[in-house]
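These notes are about the structure you will find just below.
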Amino acid sequence: MLIMSTSRVNTLIRARAYVRGSVKEVYIGITGSEIAYVGNEPVETENRVELPSQYIVLPGLVDIHVHFRDFDLSYKEDAVSGSQAALAGGYVAVGDMPNTKPPIKTVELLRRKIEEFNRKTGMHIRHYFGAPQELSVLKEALDNGAYAIGEVLPEEVAEYGGDQYLEALFKEAARVGIPIIMHCEDSLIINQYSGPRDFEHHNVIRNPRAELACIHNVIRLVYRYGTKTHITHLTLPQSIGIIKSSGLDITFDVTPHHMLLSQEECLARAEKPAYCKVNPPLRDEPTRRELLAMFVRGEIPIVASDHAPHADWEKDKPYDEAPPGIVGLETTAPLLLTLWRRGFTDLGTVMRAIQERPAKFLGLNIGIRQGSCADLAIINTKARHRIEPEKFRSRAKFSPFKGFEVDIAVVATILHGKLTYLNEEYMNNTVMKTLENALPH
Ligand SMILES: NC(=O)N[C@@H](CC(=O)O)C(=O)O
Ligand SMILES: [Zn+2]
């Protein structure tokens, strides 16, 4: 545990912290943008900060599935507002989806997006590349910073030729060596539906069979081509069982909304039914309960928010036109950490799902250990409050979690060694004495 460092550190934080799987009282030394020291004894420093015991320092959280939008959809969210929402939620790194307008399906647009985001945000961002009609572009996309292909949406698979296209995509991605992130709902099954179309029928229109058909298809393709594949926002315990029994190295994530909200409950509480419209749909109560049970047992490797912001006026549209999506960057950590605080699961289970495995997925060295990035989230464990979407930093100030009671608040976020978010304010402060003064007992 004790790692002696001979040089002085810029800042030394003494606090309870999540270090190597459990909470301990430690000293964390930060020099520049790196964690230079973690240990039981103090080391020499220019600036020493002590946090009261109700605060816990966590390694910065990581979300592998967000939609920061930008470009023509900046009215919904952009790199700046998305980053602010992330930092307010304790997140320091995200994987950003390519379904922007225009979509990131050319190398030129990918490069433009990377440049634009580098100008607008200091967060760690991995950029995903949209599934292209012409597959020969994949290699160049990979060489120009595309981290993965996807999320591959059912609508684009249908548009480019259905199963034949998907097969060609998996084959080419395997050849090039770029991973695929799948939004798994089979469009053939969705499009077969001919019954009533309204918010109450969303999970019938996009029914569980659409997810299961896609999973089977993906397993066949991975078996055949060996493509590195991640399936995002799975909604059915059965899907997870099928993936596990395939024996293949297919990774997956689940969202907080699919674990914590059934469609019935959401529609009963939400101010607008479209606040519950999300793809894949919220499922029924037994399904979401079993999914949550799997999470608390540690059977869900990654939780991603699928932060999908839209304008409030768009959620006033009728069923077929209201865009699907729920924002999650500012609610995921308080909701999941409350499950830990209330004894439903342990802290390690939550942290592995929203920090350790996502960081590994994105290839980032974020964690409380010597030599890693000085990216930290500080939570107050005695902060019982109700979720108030009006206060979100995201442009989408609505959520089906409105009014949910949580016990945890993210009070500060440190990014690249700088205090970037503190008590609902943004800053860029290297002198962290303000941190101590701002966090009372
Ligand atoms: N998850 C959603 O309901 N919406 C996503 C796109 C998508 O995954 O369909 C969005 O970009 O808004
Ligand atoms: Zn999706």
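Heavy atoms only: backbone and side chains are in, while hydrogens, waters and symmetry mates are out. Atoms within a ligand are numbered from 1 in the order they appear, just like the ligands themselves. Positions are given from 1 along the sequence. Keep in mind that this is a model prediction, so the values were computed, not measured.
Stacking of K277 on the aromatic ring of Y319 is recorded, both the 6.0 Å distance cut-off and the 45° axial limit being met. Judged by a 6.0 Å distance limit and a 45° cone about the ring axis, K113 is positioned over the six-membered ring of F117.
Atoms of ligand 1 lying under 4.0 Å from at least one heavy atom of N99, given by number and element, are 6 (C), 10 (C), 11 (O). The distance from ligand 1 to the heavy atoms of V278 drops below 4.0 Å at these ligand atoms: 3 (O). When each atom of ligand 1 is checked for a heavy atom of G325 under 4.0 Å away, the hits are 2 (C), 3 (O). Near E151, the atoms of ligand 1 lying under 4.0 angstrom from a non-hydrogen atom of the residue are 8 (O). Near P324, the atoms of ligand 1 lying under 4.0 angstrom from a non-hydrogen atom of the residue are 2 (C), 3 (O), 4 (N), 12 (O).
Centroid-to-centroid, the aromatic rings of H230 and F361 come within less than 6.0 Å.
With a 4.0 Å cut-off on non-hydrogen atoms, H65 does not touch ligand 1 at all.
A donor-acceptor pair is defined here as one N or O able to donate and one able to accept, closer than 3.5 Å; no such pair exists between the side chain of S83 and the backbone of T121. Under a 3.5 Å cut-off, the side chain of T287 and the backbone N or O of E285 do not form any donor-acceptor pair.
In this structure, the protein non-hydrogen atom closest to atom 9 (O) of ligand 1 is H183 CE1, 3.5 Å.
Remark: among candidates I326, T255, L153, N279, the nearest residue to atom 2 (C) of ligand 1 is N279, based on non-hydrogen atoms.
Defined by atom type and a distance below 3.5 Å, a donor-acceptor pair is missing between the side-chain atoms of E172 and Y225.
Note on ring orientation: taking the six-membered ring where Trp is involved, the planes of H65 and H233 are tilted (angle from 30° to 60°).
Tally of protein N, O or S atoms closer to the Zn ion (ligand 2) than 2.8 Å: 3.
The disulfide bond (SG atoms under 2.5 Å apart) contacts involving residues 239-275 comprise C266-C276, where partners must be two or more places apart or lie in separate chains.
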